[in-house]
Each structure stands twice: as structure tokens, then as C-alpha cells.
Visitor: 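Mind having a look at this structure? Questions to follow.
Keep in mind that the numbers below use all heavy atoms, side chains included, and drop hydrogens, waters and symmetry copies. So you know, we letter chains A, B, ... as the sequences are listed, proteins then strands, and number each from 1. Computed from a predicted structure; not experimentally measured.
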Protein chains: 2
Amino acid sequence: MSRKSKTRYSILAMLSLKPMSGYDMKQFTKEVMSNFWSESYGQIYTNLKMLVEEGLVTATEVAEGKKPYKTIYELTGRGSQVLGEWLCEPVSTQVPRDELSLKLFVGPLIPLEVSLQHILTHREQHEKQLAELRKAIARMEKEVPDAAPHKAYWLSGSRMGILVREAKLKWCDEMESLIRGKINQSKK
Amino acid sequence: MSRKSKTRYSILAMLSLKPMSGYDMKQFTKEVMSNFWSESYGQIYTNLKMLVEEGLVTATEVAEGKKPYKTIYELTGRGSQVLGEWLCEPVSTQVPRDELSLKLFVGPLIPLEVSLQHILTHREQHEKQLAELRKAIARMEKEVPDAAPHKAYWLSGSRMGILVREAKLKWCDEMESLIRGKINQSKK
DNA sequence: AACACCATGTAAGCTGTTACATGATTAA
DNA sequence: TTAATCATGTAACAGCTTACATGGTGTT
């Protein structure tokens, strides 16, 4: 049994929402899905090519106004079927690889000030992401009508992002005071 | 600037704690670090070979008792220096890729019962991991003396695992009632 | 004129997993 | 004797990022 690229399915998933170009998809992951997903151009374009060959998506060249051209991809019936099957398969367990945890795991090897800096930087990132998430939610609350079937799902994705980041912020706080305590101790 | 394998550094990090064989390392990631890290034999053995060539670790064949043999690896001075430098570098931001979130993102495409099943399975996994984490912490509390310099760091790693998993459990609960609500609605 | 953004794509190369292969020891 | 665990390793290849390459359009 071969591992299957998740990029394939993320592309199919995006196309299930609306037809898009490769460039659009990259933007979409960055602007809408960045909370839980990302893709690179390399992956997107090579996978699109394969998906067209397999008949799961169609490509149509479109010229709007004076702009040169743009290839818009759309899901085929077969494509949405394949997507549906994948969506129903159980979620595969992911391998955890948390670099910060690893670095702190052997924390005694580095100066307390450096550990502290790692934590503070991390904290800052999470705070920024939290702010962005909250903005995204507010935007969606306004723009998407409550009746839209996908609204609750989109919101819940952001909700997970918020809960997890809040938990990590709390942890950063705990770590900060732990390390500051150690620094004070060593100064005495 | 080439990306550098994190496996390299995870190996150096483990060896900074104590000399180990390749097999030991695999066990160690599974038993002690599984909360935030994992490695495969393929990566471990090939990286060990490179690290020996680069002079960052030494290999010694050891025969204990009647057992065949075992190659124990140890950090060299250069190795611990390289590790130290990496530890002090800022933590690189990780690419988020959460399959469950992706599947729920396009949730309206699949039956509510399937979404619910995904959530429940996920919930179960987190609960199992939480229980294991708590056991690991209890074990460490007993076995490791409070004075040990690494104790606080090890505990804090587990602490993050716990906080994050609790947050996810909370989210699972929210999702469960959301989906059950939808199921009831559709039955009316 | 320069810069940002739109738009597409390829090639190189690193990272990592999976599957396979081997063989010894120990407990049931 | 059968299975589990200890112990090491390789080969194939999947997956992904990065850097490069190209060229148009609109704005300052």
C-alpha cells in the first residue's frame, strides 16, 4: 500500500469549493487555510498535471480582459467521487515533530537566556496568529450568511486553531516564569 | 543554504543525555519523546553513519554477556558543539498540515455520521495519549530526583502535551455537540 | 524606472517512510 | 518450537521545498 500525497486531496478539496487556478490555490491556502494547511507551487502544479491526466480535474484556459491567460481547474464527477472516498477514510495519525519541544528537552545544555528567548519568540508568533485567526472569524461572521452549510465547519476549524494556540500561550507563560525563576536563582 | 535534517540534531540531542545504540534511540523516541518526536530506523542508521564520518559522534562495538554485539554511539566534543549551536538558533516555523481540519473544512461533502466518527476516533486517541502522558509524568516525578537539572524541562515538555491535548479534547466536545445538533435537525 | 503582484512551471535535491533482509536471544 | 524482542542495516521511492526561470500588468 503506497502512501498517497495529501496535496492531491487538498487540491480536490479546494476545487470542491470553487474552480480555481494553481495560483489561486496557493493564495487560498495562505489566506484561508493557513491555520491548518499549506502548499508550495511545486506541489500544486505537478499534482494538477497528474490529476488532469487521471481525469479527476479538467483544465480550461481563460482570458479575462487584457490579462494573458489563466488555467482554471474544475472537479470532474470522478474527482469528486475520489475526494468523497478519501474524506470518509479515517484520519491517518500524524507523526509529531515539534522542534521547540526538542530544543527544550535538552534545555540544560543551553543558557537560560536563550531558552527564554525561544519561548518569547514562540509566544509572539502565537499571539500574532491568534489575532489573525480572530480577524478571519470576524470577517467570516459578517460575510458568510448563517444559512451557508459550510459556515459552521469553517468556523470550527478556526476554533480549533484558537483553542490550541491559547493552550500554547498558557504554556509559554508557565515556561517563562519557570525560566525566569531559574535565572534569578542563579544570580543570587 | 541547505535545509538541515532535524534527525541529525535529534540524534545529537539524545546522545547528549547518554550514549546509545541505534536501536536504543528508536525505543527512546517511542517511550520518552513520543509526545513531540519520532524517528524511523531508516533515518537513524543512515544519519548515524554520516555523523560518524563527520566526526560528531563515535561508534564503539560492545559485547555484553552472550549477546551478539551492539554499537554504542557517543557525542564527541565537536558533536556537542554543533548541537549547542543548533539549540541556540531560533526555532524554525513549522508548516501546519492537519488532516482532520482539512477533512472537516469540506465537511458538508460527507455524511454527518462520518464526520462524527472522525471526531470520536480523534477524541479517543487524544484521551489515550493524555492518559499515557500523565502516567509518564507520575513515573518521572517518582524516579527523577528534584535536583536533577533536566527534570523541569522534561516535565514542561509533557506539560505542553497535556495542555494542547486538553484543548483538542474540548474542541472535540464542541464539534460533537455541533454535529449531533445537525443530525437531530435533519431527522426532524 | 522600479516594484509589487499575477501567473506558470521545472529541476535539484533533501527528508523521510516503508518494505525488505538478516540473524541472535529469550520467554511461553 | 513458536513468537516476541533485540539489533542492524539497505533500497526504493514518495513527498515536499527551494531556487530558478519566464514574462505580463498595474501602480508609484
Visitor: Is A:E141 paired with A:K151 through a side-chain N to carboxylate O contact shorter than 4.0 Å?
Guide: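 A salt bridge links A:K151 with A:E141.
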Visitor: Does OP1 or OP2 of C:dT15 have a side-chain N or O of B:Q43 closer than 4.0 Å?
Guide: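 So the side chain of B:Q43 is outside the cut-off, no N or O lying under 4.0 Å from OP1 or OP2 of C:dT15.
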Visitor: State which of D:dC16, D:dT8, C:dT17 makes the closest approach to the side chain of B:Y45.
Guide: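 In terms of side-chain proximity for B:Y45, the closest of D:dC16, D:dT8, C:dT17 is D:dT8.
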Visitor: For the pair made of CD1 in B:I11 and P in C:dT15, what is the distance, rounded to whole Å?
Guide: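 Distance, rounded to whole Å: 12 Å.
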Visitor: Taking CZ from A:R97 and P from C:dT15, how many angstroms apart are they, rounded to a whole number?
Guide: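 Those two atoms, CZ and P, are 10 Å apart.
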Visitor: Which nucleotide in the set C:dT8, D:dT8, C:dG16 lies at the smallest distance from any side-chain heavy atom of B:K70?
Guide: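 Among the listed nucleotides, the one closest to the side chain of B:K70 is D:dT8.
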Visitor: Using whole Å, report how far OH of B:Y9 lies from C1' of C:dT15.
Guide: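 Atom-to-atom, B:Y9 to C:dT15, this comes out as 14 Å.
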Visitor: Is the phosphate of C:dC6, meaning OP1 or OP2, less than 4.0 Å from a side-chain N or O of A:Y23?
Guide: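 For A:Y23, the contact criterion (side-chain N or O under 4.0 Å from OP1 or OP2 of C:dC6) is met.
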Visitor: Do the side-chain N or O atoms of B:S5 get closer than 4.0 angstrom to the phosphate oxygens (OP1, OP2) of C:dG16?
Guide: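 Yes, B:S5 has a side-chain N/O under 4.0 Å of OP1/OP2 on C:dG16.
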Visitor: Between B:R123 and B:E176, is the closest basic N to carboxylate O distance under 4.0 Å?
Guide: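 Not counted as a salt bridge, because no side-chain N and carboxylate O are separated by less than 4.0 Å.
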Visitor: Counting only side-chain N and O atoms of B:T7, is one of them less than 4.0 Å from OP1 or OP2 of C:dT15?
Guide: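 Answer no for this pair, as no side-chain N or O of B:T7 is under 4.0 Å from OP1 or OP2.
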Visitor: What is the distance from CD of B:E61 to C1' of D:dT8, rounded to the nearest Å?
Guide: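 The distance from CD of B:E61 to C1' of D:dT8 comes to 11 Å, rounded to the nearest Å.
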Visitor: Heavy atoms within less than 4.0 Å of DNA chain D: which residues of residues 88-95 of chain A have one? Give them sorted by number.
Guide: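 Correct list: empty, so none.
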Visitor: Less than 4.0 Å between a side-chain N and a carboxylate O, is that true for A:K187 and A:E113?
Guide: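 Here A:E113 does not pair with A:K187 in a salt bridge, since their nearest N and O are not under 4.0 Å apart.
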Visitor: Is any side-chain nitrogen or oxygen of B:T46 closer than 4.0 Å to OP1 or OP2 of D:dG9?
Guide: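 For D:dG9, neither OP1 nor OP2 has a side-chain N or O of B:T46 closer than 4.0 Å.
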Visitor: A:M50 has an atom CE; how far is it from atom C1' of D:dA14, in whole Å?
Guide: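 The answer, rounded to whole Å, is 10 Å.
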Visitor: Give the rounded distance in Å between these two atoms: CG of B:D24 and C1' of D:dA7.
Guide: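 These atoms are roughly 9 Å apart.
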Visitor: Of A:W154, A:Y153, A:W37, which meets ring-ring contact (aromatic ring centres under 6.0 Å, His included) against B:F105?
Guide: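 In the set A:W154, A:Y153, A:W37, the residue that makes a ring-ring contact (aromatic ring centres under 6.0 Å, His included) with B:F105 is A:W154.
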Visitor: Measure from CH2 on A:W37 to P on D:dG15 and round the result to the nearest Å.
Guide: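 So the CH2-P distance, A:W37 to D:dG15, works out to 12 Å.
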Visitor: Where does the angle between the aromatic ring planes of A:W171 and A:H122 fall among parallel (under 30°), tilted (30 to 60°) and perpendicular (over 60°)?
Guide: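 The arrangement is perpendicular - the two ring planes meet at more than 60°.
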Visitor: Output yes when at least one side-chain N/O atom of B:S21 is less than 4.0 Å from OP1 or OP2 of D:dT8, else no.
Guide: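 So the side-chain polar atoms of B:S21 do come within 4.0 Å of the phosphate oxygens OP1 or OP2 of D:dT8, strictly under.
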Visitor: Select base, sugar-phosphate, or nothing to describe what B:Y73 touches, counting heavy atoms under 4.0 Å on all strands.
Guide: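 Answer is sugar-phosphate: B:Y73 comes under 4.0 Å of backbone atoms only.
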Visitor: Verify, without hydrogens or angle tests, whether B:K30 (side chain) and B:S38 (backbone) share a donor-acceptor contact under 3.5 angstrom.
Guide: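 Side chain of B:K30 to backbone of B:S38, a donor-acceptor pair under 3.5 Å: no, none is there.
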Visitor: Would the number of heavy atoms belonging to other residues, nucleotides or ligands and lying under 6.0 Å from NZ of A:K6 be above 12?
Guide: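 Correct, the count exceeds 12.
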Visitor: Starting at CD of A:E39 and ending at C1' of C:dT8, how long is that distance when rounded to a whole Å?
Guide: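 Checked: the CD to C1' distance equals 16 Å.
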Visitor: Counting the atoms with a prime plus P, OP1 and OP2 as sugar-phosphate, which does B:R8 contact under 4.0 Å by heavy atoms, base, sugar-phosphate, or nothing?
Guide: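 Result for B:R8 = nothing.
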Visitor: Please answer whether the main-chain N or O of A:Q43 pairs with a side-chain N or O of A:T46 as donor and acceptor at a distance below 3.5 Å.
Guide: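 Yes, because the side chain of A:T46 sits within donor-acceptor range (under 3.5 Å) of the backbone of A:Q43.
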Visitor: So which nucleotide from D:dT8, D:dT17, C:dT8 ends up closest to the side chain of A:Y41?
Guide: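 Nearest to the side chain of A:Y41 among the choices is C:dT8.
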Visitor: Would you say A:K49 places a side-chain N or O within less than 4.0 Å of OP1 or OP2 belonging to C:dT10?
Guide: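 For C:dT10, OP1/OP2 do have a side-chain N/O of A:K49 under 4.0 Å.
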